Amino acid sequence: MSDLKRGLSEVVAQAFADAGLPPELGRVTASDRPDLADFQSNGALAAAKAARRNPRELATQVAERLAGDARIAAVEVAGPGFINLKVSDDALSARAQQIATEPLAGASAVEAVRRVIVDYGGPNVAKPMHVGHLRSSIIGESIKRIYRFRGDNVVGDAHFGDWGFQMGLLIGAVTDEQPQIAAVVEALNAGQSVDDEAVRAAMGAVDLADLDRLYPAAAGRAKEDIEYRERARRLTAALQARTPGYHRLWLHFHDVTRVALERDFHALGVDFDLWKGESDVEDLIDPMVDDLASKGLLVDDQGARIIRVVREGDKRELPPLLVVSSEGSAMYGTTDLATILDRKTSFDPALAIYCVDQRQADHFEVVFRAAVMAGFAEEGGLEHVGFGTMNGADGKPFKTREGGVLKLNDLIEMARTKARERLHEAGLGAELDAAAFEDTAHKVAVAALKFADLQNFRGTSYVFDLDRFTSFEGKTGPYLLYQAVRVKSLLRRAADEGVAAGPIRIIEPAERELALTLDAFDAAVAEAYDKKAPNHVAEHAYRLAQSFSRFYAACPIMGAEPDVRASRLALAQAMLRQLEQALDLLGFSAPERM
RNA sequence: GCGCCCGUAGCUCAACUGGAUAGAGCACCCGCCUUCUAAGCGGGCGGUUGCAGGUUCGAGCCCUGCCGGGCGCGCCA
């Protein structure tokens, strides 16, 4: 069912058509002046420009045709030719009633369902996640949920960084430190059969913490020690040639990392459908290179094989895609291209969304062009949804490579600590048992972190300031949770007293405002969907919570007359359902009590 | 050097594809708890949207040029 904006747009479009004007100009939007109207149409201004006529005159003609509609309580022409609309209380009541029961809580599904892949997170083997992974995970998860919510067939892929030179480094470092692992690896390499339990027992001595400790050290040494670097290179080549011992050890790195990462992601409310990695497309690369060559796309240049992607009319000089290096190895763009091919074969998505740092924009442009040239994707079927950097209080980005950065786990624990403190300070959660209190503190922490990120447009950089995010006042995640918890508490009380919700009747200004805000959910979700910008959902959730809070302060519920009480309870219920839906789209949830 | 992004209130950020009086939160000031959770609500203060031009009925948004900041520019990923 459509929201009021769409319903009114149809009416106004018809009025435009009847007045001999282009109906598409009859688009209705929420009013910029809530003091004057609920909705407005600016179409008369555009129509006047095209027809070289007086905008107010046209607006008046349209307005006269609208006056009879039952949904419209008032229509007037203002300013240079704005058509201001006020919806009737009856129409608003009916709409609120609808939102209260609709499966999508007032939002609408897409008209044509598409298969969509969201590629986000980007975790790497041997590297615990740190704050640098936060944005991709948070934004990607939200986009995935928004697309799925509107009906698309969506798959979220972690795009696991599990292949390449870093693996050779790690194999070297681990076998240097752990003689028993080295022994097992050598035995396997030599083709000896080793009991799998023994392999597990030996390799089990190395966990993610070890890898995290060894990797930076090895990377550092490789920079200065040529011999060491060359050995890592040979080990990488041996791994890629599937030398049994190295491959088995790599598998251990892979598994131990994935288990730990899945746990960390899950704590953040981030769950992937696929953990496809670079290793999964390794076998596709050689045939793909042959295919590219047969299509005449590969060009030899300075010993490497490249695809030139420049187009007529380009303002900038994009570099070519380096497919095969002069040493004969595949580059990261090659892997990305193979991944696109793999996805086309396995899922054939209409759209693949890459939720990756904005700094990769040129890289993706090159890869996407090459993919289209190779016939692996349709023009426009690949989209890089970039985001800005998360900066520290000093204005500099958090480092995402090389040691010394804050681990995501530690960050979450810091936020949880703050949440516990604040809950105690406010005297909230006193009646909860230890486990429920901990659950609440975790929900508060995650809401604080996620909402702080998602309320900003993804493209702009923002300052990461944990003290501010966890201040728990104003426009924050915890504020949203608090509003949800207040309604839950109210509804519990109503249930205890045997009071039921009833038909919604919009009368008071605060009720009107809340109902209009509920109605705006659809537009917010559609905007977030179209622009891949969850901040529109975040903004809506905040406005909804605010509208409710005003309503809650202005309109007593339990103490009101039975009809009014039933109506307000229904309104509160509808609000809670939509708010929880919005929070879910953002990737977090409210506790029952706090 | 070439290219991309950004510059909005003291601070952190919005702004529905060019519309009315540019909005929130924080901070600061003033009110509101014997009644449903005050992590709340109401009110106030705070702007030449970096600068200068242009396009038009109308520009934070489009164009041009400056100033300032960030980032990217084939054999790392």
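Chain identifiers are assigned alphabetically (A, B, ...) following the order of the sequence lines, protein sequences preceding nucleic acid strands; residue numbering begins at 1 within each chain. Values in this document were obtained by computation on a predicted structure and should not be read as measured data.
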Measure from the side-chain heavy atoms of [X] and tell me the nearest of [options].
{"X": "A:Met331", "options": "B:rC75, B:rU37, B:rC36", "value": "B:rC75"}
{"X": "A:Ala78", "options": "B:rA27, B:rA20, B:rU37", "value": "B:rA20"}
{"X": "A:Glu473", "options": "B:rU37, B:rC26, B:rA77", "value": "B:rC26"}
{"X": "A:Ile306", "options": "B:rG74, B:rG19, B:rA24", "value": "B:rG74"}
{"X": "A:Gln360", "options": "B:rA77, B:rC41, B:rU17", "value": "B:rA77"}
{"X": "A:Tyr479", "options": "B:rA20, B:rG72, B:rC41", "value": "B:rC41"}

Determine, for nucleotides 6-15 of chain B in 5'-to-3' order, which nucleotides have protein heavy atoms under 4.0 Å from the base (write B), from only the sugar-phosphate (write S), or from neither (write -). ------SSSS

With a 4.0 Å cut-off on heavy atoms, is [X] in touch with a base, just the backbone sugar-phosphate, or nothing at all?
{"X": "A:Tyr552", "answer": "base"}
{"X": "A:Glu425", "answer": "nothing"}
{"X": "A:Gln166", "answer": "nothing"}
{"X": "A:Val485", "answer": "base"}

Is there any protein nitrogen or oxygen under 3.5 Å from a nitrogen or oxygen in nucleotides 55-62 of chain B, and what are the pairs?
residue : atom : partner : partner atom : Å
B:rG58  : O6   : A:Lys49 : NZ           : 3.1

Within less than 4.0 Å of OP1 or OP2 of B:rC41, is there a side-chain N or O belonging to A:Ser549?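 Answer yes for this pair, as a side-chain N or O of A:Ser549 is under 4.0 Å from OP1 or OP2.
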
Any A:Gln546 side-chain nitrogen or oxygen under 4.0 Å from OP1 or OP2 of B:rG25: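 The answer is yes; a side-chain N or O of A:Gln546 sits under 4.0 Å from OP1 or OP2.
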
Do A:Asp35 and B:rA20 have a side chain to base donor-acceptor pair shorter than 3.5 Å?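 No, no donor-acceptor pair under 3.5 Å.
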
My validator wants the stems of RNA chain B: runs of 3 or more consecutive Watson-Crick or G-U pairs, both distances under 3.5 Å, written as range with range.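 When the pairs of RNA chain B are grouped into runs of at least three, the stems are B:1-7 with B:67-73, B:10-13 with B:23-26, B:28-32 with B:40-44, B:50-54 with B:62-66.
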
Decide whether a cation-pi geometry holds between A:Arg233 and A:Phe165; the criteria are a distance under 6.0 Å from NZ or CZ to the six-membered ring centre and an angle within 45° of the ring axis.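 Because its charged atom sits under 6.0 Å from the ring centre and within 45° of the axis, A:Arg233 does stack over A:Phe165.
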
